[in-house]
There are 2 protein chains.
Amino acid sequence: MSQNEVEKSVPTLADVASLANVSTATVSRCLNSPDRVGKDTRERVMKAVNELGYAPNFGAQALAARQTNTIGAVIPTMENAVFARGLQAFQEELGRHGKTLLLASSAYDAELEEQQIRALVARGADALLLIGYDREPEIYRFLEKRGVPTLIAWSFNPAETRTAVGFDNRAAMRALARDVIAQGHRNIACITAPTRSNDRARGRVEGIRDAKVEAGQDPAEVMIVETPYGIGTGEEAFRQVMAQAPDTTAIMCVNDVLAVGALRAARALGLRVPEDISVTGFDDIEIAALADPELTTVHVPHREMGRRAAQRLIEVLQDNVMGQSKELPTEIRMRQSLGPARKA
Amino acid sequence: MSQNEVEKSVPTLADVASLANVSTATVSRCLNSPDRVGKDTRERVMKAVNELGYAPNFGAQALAARQTNTIGAVIPTMENAVFARGLQAFQEELGRHGKTLLLASSAYDAELEEQQIRALVARGADALLLIGYDREPEIYRFLEKRGVPTLIAWSFNPAETRTAVGFDNRAAMRALARDVIAQGHRNIACITAPTRSNDRARGRVEGIRDAKVEAGQDPAEVMIVETPYGIGTGEEAFRQVMAQAPDTTAIMCVNDVLAVGALRAARALGLRVPEDISVTGFDDIEIAALADPELTTVHVPHREMGRRAAQRLIEVLQDNVMGQSKELPTEIRMRQSLGPARKA
DNA sequence: TTGTACGCGTTATCAA
DNA sequence: TTGATAACGCGTACAA
């Protein structure tokens with residue numbers, strides 16, 4: 001009838017206490033603030049702890065201490081190398097400070113993201129890392145009511161009040177677009193990921209328009225193609241651009257993956273890059289430098305961003321005050337895929 | 001003096017109970033098994049819940065229910081696309097069943113992995129996903145003592161008793177090596193990640209030797225170069241092979257990243273692939289098909305593995321019994337980087 | 001420095 | 001169907 005259950009002799013504080021002949025309070029102190037305990041008793045307690053293989057019960061600890069030492073993060077997807085990279089650094093930094101990562105992904109879906117945020121809070125996340133600002137105000141209200149400190153990453157927008165550790169997507173793309181225009185390009189197209197609920201992508205697109213305006217050109221000239229994230233979708237988008245606007249001499253993509261797709265499509269169509277058409281990316285993930293031709297792109301310090309984000313969150317948990325927003329610099333990586341505009 | 005703290009009016013069960021004029025027990029029942037509660041009282045309670053914005057306290061729930069609905073995973077690193085991909089699917093499947101992912105990474109370091117395992121258990125992981133079998137027996141004993149069901153992924157070895165959802169690394173590489181040998185290659189080198197504490201890498205290397213033996217050749221002829229994971233290290237390893245064993249006609253790498261490094265080094269050295277030398281990878285990540293020449297490799301169903309692993313773990317949490325190990329099939333992706341051996 | 005004792009918010013048992 | 005009430009295991013004032 002009954003399962004032959006293994007005897008799970010999970011020891012409690014009380015077990016340790018009786019073995020060491022002290023009170024549970026002393027054991028607790030030994031573990032949490034060892035300096036407030038006499039040296040000999042501490043040794044006795046630690047011995048008992050090891051002997052029993054004691055480890056605190058998580059629920060009890062969380063209940064009494066009112067924190068879980070757990071920090072949540074909701075990212076669009078781990079399959080995007082930029083998030084994997086940033087999150088790896090984020091997690092490493094958390095670990096260094098005794099915090100654990102609670103992770104969920106939204107698949108770039110706003111509604112799913114909200115669910116995940118609520119799930120992580122329900123699971124006791126002490127603080128949260130979210131990607132980008134764009135989000136229903138209701139969610140932010142929820143987070144505030146629950147008292148969960150929240151940090152934005154991957155975006156930095158001086159116009160927003162919320163604390164962020166990220167970079168100015170719009171300014172970064174604007175800088176790149178200036179270089180593109182400086183190469184004589186005027187008929188520029190942009191392949192972007194969906195901009196709805198995504199201020200990063202939207203900012204990047206705006207950056208291109210900014211540069212057009214600066215150059216005295218009509219920002220409406222920029223052809224915009226929205227498509228989901230992926231190499232295949234990047235290829236399709238490229239074909240669409242060339243079909244509808246064959247005069248295009250430069251295609252700026254809001255990320256490297258779409259750009260690699262564009263590169264492939266160009267080759268398939270017999271177009272030389274950059275002689276016939278220029279292509280740029282964004283992020284500077286590994287394939288950018290491996291691509292043929294090597295991709296001109298915007299380098300983003302993903303690891304540093306992840307690390308700093310973790311630090312901010314750890315700070316706010318300690319000091320109960322969230323630091324200032326931090327803008328990280330991006331750099332243009334000028335490589336082969338951007339060249340002078342071909343003569344019309 | 002005092003912080004101007006926001007009034008965090010986090011409501012408890014008792015608050016809901018008094019507002020709805022019922023006992024806390026009834027509220028708890030309402031939330032956990034609504035069918036055991038009268039319809040009218042249930043409505044009254046639910047109204048109070050919504051009105052107060054009540055959400056259960058996680059610590060208290062975990063303490064009383066003795067489970068956290070959280071599943072832990074320790075992977076080498078998220079920056080490796082294979083793990084990112086598998087874990088993404090793992091997390092999605094967990095989410096579908098109301099479970100949350102607690103994630104840590106070991107950086108391929110056995111000692112760090114042990115720390116992380118203990119940390120996740122301390123954070124209340126109900127079950128654990130680990131990569132590969134290789135691990136100090138002490139860790140497995142710890143997990144058993146704590147009663148934390150553990151599943152192995154990325155490996156499947158019929159000789160091991162522990163439950164796993166993965167593939168037979170050795171057999172997969174053996175199959176690929178057979179094809180390499182069938183192309184006339186005899187002087188084969190292998191670039192591998194460190195094999196210590198890594199049965200996956202070790203199995204893949206062994207697979208090459210197996211095929212050599214099958215072909216009546218001396219397995220000791222295979223030159224082995226161990227190097228950390230990375231494109232740059234793959235390049236270096238390639239140079240080392242060509243310097244020490246210029247007769248080599250095929251280089252089999254235990255993963256695609258090392259193989260891409262080998263491809264780059266070959267090009268830099270003026271060697272044509274596959275005319276002068278063949279290169280193979282393992283994993284079939286995105287860059288394998290993007291590489292030039294396209295990389296012959298072993299396709300691994302990472303997403304399915306992640307999904308199935310999640311299912312297994314969810315099952316064991318429900319039924320208290322871990323299912324059988326599951327071997328997933330791999331497939332050889334024959335592409336351009338493998339060709340006939342050059343004439344000596 | 002150490003111990004006592006209570007509170008943390010739920011779940012679950014047992015009566016009613 | 002509902003309500004008291006006892007765990008659950010730990011942290012922490014407060015007292016000694």
Side-chain angles (χ1 to χ4, degrees), chain A residues 8-46 48-49 52-70 98 121-126 146-147 317, chain B residues 8-46 48-49 52-70 98 121-126 146-147 317:
Chain A
K8 295 173 197 167
S9 62
V10 187
T12 71
L13 256 200
D15 296 327
V16 178
S18 68
L19 179 59
N21 264 318
V22 294
S23 72
T24 58
T26 300
V27 179
S28 178
R29 271 190 293 258
C30 252
L31 267 25
N32 299 314
S33 35
D35 40 320
R36 302 178 57 91
V37 165
K39 189 187 169 192
D40 44 347
T41 49
R42 180 177 26 187
E43 283 171 0
R44 199 148 32 94
V45 170
M46 289 322 237
V49 166
L52 294 172
Y54 167 80
N57 173 286
F58 176 68
Q61 200 167 35
L63 178 56
R66 311 179 141 282
Q67 64 166 353
T68 61
N69 288 316
T70 279
V121 171
R123 161 60 233 249
D126 291 333
R146 300 282 303 206
L317 256 24
Chain B
K8 295 174 196 166
S9 62
V10 188
T12 71
L13 255 199
D15 296 327
V16 178
S18 67
L19 180 60
N21 264 318
V22 294
S23 72
T24 59
T26 300
V27 179
S28 179
R29 269 189 296 259
C30 253
L31 268 24
N32 298 316
S33 34
D35 40 319
R36 303 179 54 94
V37 165
K39 191 188 168 193
D40 43 346
T41 48
R42 181 178 23 186
E43 283 171 358
R44 199 149 32 95
V45 170
M46 289 321 237
V49 166
L52 294 171
Y54 168 80
N57 174 286
F58 178 69
Q61 204 166 32
L63 178 57
R66 309 180 144 281
Q67 64 165 347
T68 60
N69 288 316
T70 285
V121 171
R123 293 288 178 274
D126 290 334
R146 299 283 301 205
L317 255 24

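Each chain gets a letter, A, B and so on, in the order its sequence line appears, and its residues count up from 1.
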For dG11(D), take OP1 and OP2 only and decide whether either is under 4.0 Å from a side-chain N or O of Ser28(A).
yes
In terms of side-chain heavy atoms, does Arg123(A) have a donor or acceptor partner in Thr70(B) at a distance below 3.5 Å?
yes
Check: protein-nucleotides 7-9 of chain C nitrogen or oxygen pairs below 3.5 Å:
residue, atom, partner, partner atom, Å
dC8(C), O3', Arg66(A), NH2, 2.9
dG9(C), OP1, Arg66(A), NH2, 3.0

For the residue pair Val45(A) and Ala20(A), what are the closest heavy atoms and their distance?
CA-CB, 4.0 Å
Between C1' of dA13(D) and CG of Asn32(A), the distance in whole Å:
15 Å
Value in whole Å for how far the C1' atom of dC8(D) lies from CZ of Phe58(B)
14 Å
From Leu52(A) CG over to Thr12(A) OG1, what is the distance, rounded to the nearest 0.5 angstrom?
9.0 Å
From CG of Leu31(B) over to P of dT11(C), roughly how many Å is that when rounded to an integer?
7 Å
Please report the interatomic distance CZ(Phe58(A)) to CG(Asn69(A)), rounded to the nearest 0.5 Å.
8.0 Å
Nearest 0.5 Å, what's the OG1-CZ distance between Thr26(A) and Arg29(A)?
4.5 Å
Under 3.5 Å, N/O pairs linking protein and nucleotides 1-3 of chain D:
residue, atom, partner, partner atom, Å
dT2(D), OP1, Thr41(B), OG1, 2.9
dT2(D), OP2, Gly38(B), N, 2.6
dT2(D), OP2, Thr41(B), OG1, 2.9
dG3(D), OP2, Ser23(B), N, 3.1
dG3(D), OP2, Ser23(B), OG, 3.4
dG3(D), OP2, Thr26(B), OG1, 2.5
dG3(D), N7, Arg29(B), NH2, 2.8
dG3(D), O6, Arg29(B), NH1, 3.1

Got a second to check how far Met46(B)'s CE is from Tyr54(B)'s OH, nearest 0.5 Å?
11.0 Å
CG of Leu63(A) to CD of Gln61(B), rounded to nearest 0.5 Å, is 11.5 Å
Side-chain donor-acceptor pairs of residues 30-37 of chain A under 3.5 Å, sequence neighbours excluded:
residue, atom, partner, partner atom, Å
Asn32(A), ND2, Ser28(A), O, 3.1
Asn32(A), ND2, Ser28(A), OG, 3.3

